[in-house]
Amino acid sequence: MSYVFESLFSNRLYEFIQQKNAVGFPYTESTRLLSEFDRFCLEQFPDEATLTKEICLAWAIRRDTEGNNTFRNRLMPVREFARYLNRCGEPAFVLHPNFAKKGPRHIPHIYSEEEIVALWEALDQLKPRKGYPIRHFVIPTLVRLLYCCGLRPCEARKLRVTDVDLKKGRLDIMESKGHKSRIVMMADDVTEMCRRYDEAVSENMPGRELFFPNSEGNIYGKVGIEKTFRIVKAKAGIKISGEHSPRLYDFRHTFATHRLYQWMHEGKDVTAMLPYLSAYMGHAQLSDTYYYIHLVPGLFEKMAGFDYSASDYLLPEVEYDE
């Protein structure tokens, strides 16, 4: 999708985005955010041609509807734009990377094999709704993909049909966290699941752009899918563990943890395998992957066949900050 920029920063915004594209960044989501910033500047600072501290701090006011991560993501492209202007010799205020602090660490729920089976059964009981004849195809496949490939929920929701190669079993995750892209290869059975899903959905919504569309053919909203997931959890008998109810994002933690358990069960060198897991999940450094691995007493012994107390040395202490 192309955007029109109209503020006094328009030419430099175009040039900045073109530079990103030239070095291989699709920069799609960031371009959308920069178009919002352009409209903001046009409305609030129509005569300002310098990226001042006043503009940046006004843009950095958190909205009532924004979660912490959404707020942080909105600031990052503007910060990068300011750095670009500085490199071009122009004065520009650069927001500090820690301007929006991360919230407290959320203790994830690691789904057991029994819970996953129960969730899959509950998902398969979903029915199509009036005006949304593919609901019972979309949500079960999307949720399964989160667990099978360790995707972030937003990555699955944003997948386009062109991002999914059902012949090679390949997902192109475009411009995800940190504005980075990566390739995710699927197992044969996961590819087959997606192939059957695509055939069913294509019959009802031919020519769709998104792989997991909502009833209007647009991106599936976070609120909508979480509402359905709460219903599915209740039917599956999944209860709150700790302070919070199990989330969709916890499938990413569960994927990493179960993969580690499986490698241990197979007798593989975990230290040698972790870099592969880190690259697969799209992490910039290995410490980011440690954040997702959790040695759960009881579940750990069952799946890995290891003594829990003897395995603490495998994972170093890390800061919980992906």
Task: Backbone of P246 reached by a side-chain donor or acceptor of K233 within 3.5 Å - done: yes
Open item on the list: Nearest 0.5 angstrom please: F137 CZ to L126 CG, how far?
Closed with: 11.5 Å
TODO: Enter the distance from M273:CE to L260:CG here, rounded to the nearest 0.5 Å.
DONE: 10.5 Å
Open item on the list: Let me confirm one number: the CG-CD1 distance from D64 to I61, rounded to the nearest 0.5 Å.
Closed with: 11.0 Å
TODO: Tell me, yes or no, whether the heavy-atom count around R83 atom CZ, taken from other residues, nucleotides or ligands under 6.0 Å, exceeds 12.
DONE: no
Task: H258 and Y147 aromatic centres sub-6.0 Å - done: yes
- [ ] Heavy atoms only: give me the nearest V138-P213 pair and the separation to one decimal.
- [x] CG2-O, 3.9 Å
Task: E209, CD atom: more than 12 neighbouring heavy atoms under 6.0 Å - done: no
Open item on the list: Which residues pass the salt bridge (Lys or Arg N to Asp or Glu O under 4.0 Å) test with D172, not counting sequence neighbours?
Closed with: R170
Task: pair L8-C41: side-chain heavy atoms closer than 4.5 Å - done: no
Task: P128 to P133 - nearest heavy-atom pair and separation - done: CB-O, 3.7 Å
TODO: Using the test salt bridge (Lys or Arg N to Asp or Glu O under 4.0 Å), find all partners of R208 that sit at least two apart in sequence or belong to another chain.
DONE: D198
TODO: Might you point out which heavy atoms bring L33 and P77 nearest each other, and give the distance in Å?
DONE: CD1-CG, 3.9 Å
Open item on the list: With heavy-atom distances below 4.5 Å as the criterion, would you say the side chains of N214 and Y220 are in contact?
Closed with: yes
- [ ] Determine the minimum heavy-atom distance between L277 and A256, stating which atoms define it.
- [x] CD2-O, 4.1 Å
- [ ] Write out all pairs satisfying salt bridge (Lys or Arg N to Asp or Glu O under 4.0 Å) with one or both partners inside residues 116-143, taking only residues at least two apart or from two chains.
- [x] D124-R144
TODO: Start with the C-alpha distance between E266 and Q262, add both sets of side-chain angles, then the distance that settles side chain to side chain donor-acceptor pair (under 3.5 Å), and finish with yes or no.
DONE: CA-CA 6 Å; E266 295 170 355; Q262 184 63 32; 3.0 Å; yes
Open item on the list: Ignoring hydrogens, what is the shortest heavy-atom contact between Y111 and T254? Give both atom names and the distance.
Closed with: N-OG1, 3.1 Å
Task: Any residue meeting ring pair (Phe, Tyr, Trp, His ring centres under 6.0 Å) with F40, in chain and number order, not counting sequence neighbours - done: F45, W59
Open item on the list: side chain to side chain contact (heavy atoms under 4.5 Å, CB included) for Q19 and R87? Distances and angles first, verdict last.
Closed with: CA-CA 12 Å; Q19 184 186 84; R87 291 194 298 270; 3.9 Å; yes
Open item on the list: Side-chain heavy atoms nearer than 4.5 Å, only ILVMFWY residues, links allowed to pass through others: does that put Y3 and V78 together?
Closed with: yes
TODO: Could you pull out all residues at least two apart from Y197 that satisfy ring pair (Phe, Tyr, Trp, His ring centres under 6.0 Å)?
DONE: F211, F212
Task: side chain to side chain contact (heavy atoms under 4.5 Å, CB included) against L42, all qualifying residues, sequence neighbours excluded - done: E6, S7
Task: Within one Ile-Leu-Val-Met-Phe-Trp-Tyr cluster: I139 and Y132, side-chain cutoff 4.5 Å - done: yes
Open item on the list: For a 4.5 angstrom cut-off between non-hydrogen side-chain atoms, does T31 reach L13?
Closed with: no
Open item on the list: Taking V143 as the starting point, is it possible to reach I116 by hopping between hydrophobic residues whose side chains are less than 4.5 Å apart?
Closed with: yes
Task: Note: E36-R74 ion pair, threshold 4.0 Å (strictly below) - done: no
TODO: Please identify each residue that fulfils salt bridge (Lys or Arg N to Asp or Glu O under 4.0 Å) with R157, with sequence neighbours left out.
DONE: none
TODO: Indicate yes or no for a side-chain donor-acceptor contact from S278 to the backbone of P275 under 3.5 Å, with no hydrogens or angles considered.
DONE: no
Task: Partner residues of F255 under the ring pair (Phe, Tyr, Trp, His ring centres under 6.0 Å) criterion, sequence neighbours left out - done: Y280
TODO: State plainly whether one hydrophobic cluster holds both L210 and L166, where clusters connect Ile, Leu, Val, Met, Phe, Trp and Tyr through side-chain heavy atoms under 4.5 angstrom apart.
DONE: no
- [ ] List the steps and the verdict of side chain to side chain contact (heavy atoms under 4.5 Å, CB included) for H253 and R247.
- [x] CA-CA 10 Å; H253 290 266; R247 310 167 300 168; 4.1 Å; yes
TODO: Can you measure from CD (E115) to CD1 (I110) and round to the nearest 0.5 angstrom?
DONE: 10.0 Å
Task: Nearest-0.5 Å distance that lies between atom CG in L119 and atom CZ in F251 - done: 5.0 Å
TODO: Could you go through the side chain to side chain contact (heavy atoms under 4.5 Å, CB included) check for V201 and T141 one step at a time?
DONE: CA-CA 11 Å; V201 173; T141 307; over 6 Å; no
TODO: In sequence, state the C-alpha distance, the side-chain angles, and the governing distance for E48 and E54, and then conclude on side chain to side chain contact (heavy atoms under 4.5 Å, CB included).
DONE: CA-CA 10 Å; E48 185 60 73; E54 181 184 8; 5.7 Å; no
- [ ] Sequence neighbours left out, what passes ring pair (Phe, Tyr, Trp, His ring centres under 6.0 Å) with F81? Give chain and number order.
- [x] F16
TODO: Quick one: list whatever passes salt bridge (Lys or Arg N to Asp or Glu O under 4.0 Å) with R79, sequence neighbours left out.
DONE: none
TODO: Say whether, by atom type as modelled, one donor and one acceptor occur between the side chain of N73 and the main chain of T70 under 3.5 angstrom.
DONE: no
- [ ] Could you label the plane-to-plane angle of the Y14 and F5 rings as parallel, tilted or perpendicular, counting under 30° as parallel and over 60° as perpendicular?
- [x] perpendicular
TODO: May I ask whether L151 and W120 are part of the same hydrophobic cluster, defined by side-chain heavy atoms of I, L, V, M, F, W, Y residues being less than 4.5 angstrom apart, directly or through others?
DONE: yes
- [ ] Give the minimum heavy-atom separation between C149 and V184, together with the two atoms involved.
- [x] CB-CG1, 4.0 Å
Task: R182 side chain reached by E155 side chain, heavy atoms, under 4.5 Å - done: yes
Task: Value rounded to 0.5 Å, distance of CG in D269 from CE in M264 - done: 10.5 Å
In a table with atom names and distances, give each donor-acceptor pair under 3.5 Å that connects a side chain of residues 186-194 to protein atoms at least two apart or in another chain.
from: T191; atom 1: OG1; to: A187; atom 2: O; distance (Å): 3.0
from: E192; atom 1: OE1; to: R195; atom 2: NH1; distance (Å): 2.5

Task: Short N-O contact, E15 and R12, less than 4.0 angstrom - done: no
Open item on the list: Just to verify, what does N86 make a side chain to side chain contact (heavy atoms under 4.5 Å, CB included) with, not counting sequence neighbours?
Closed with: A92, V94
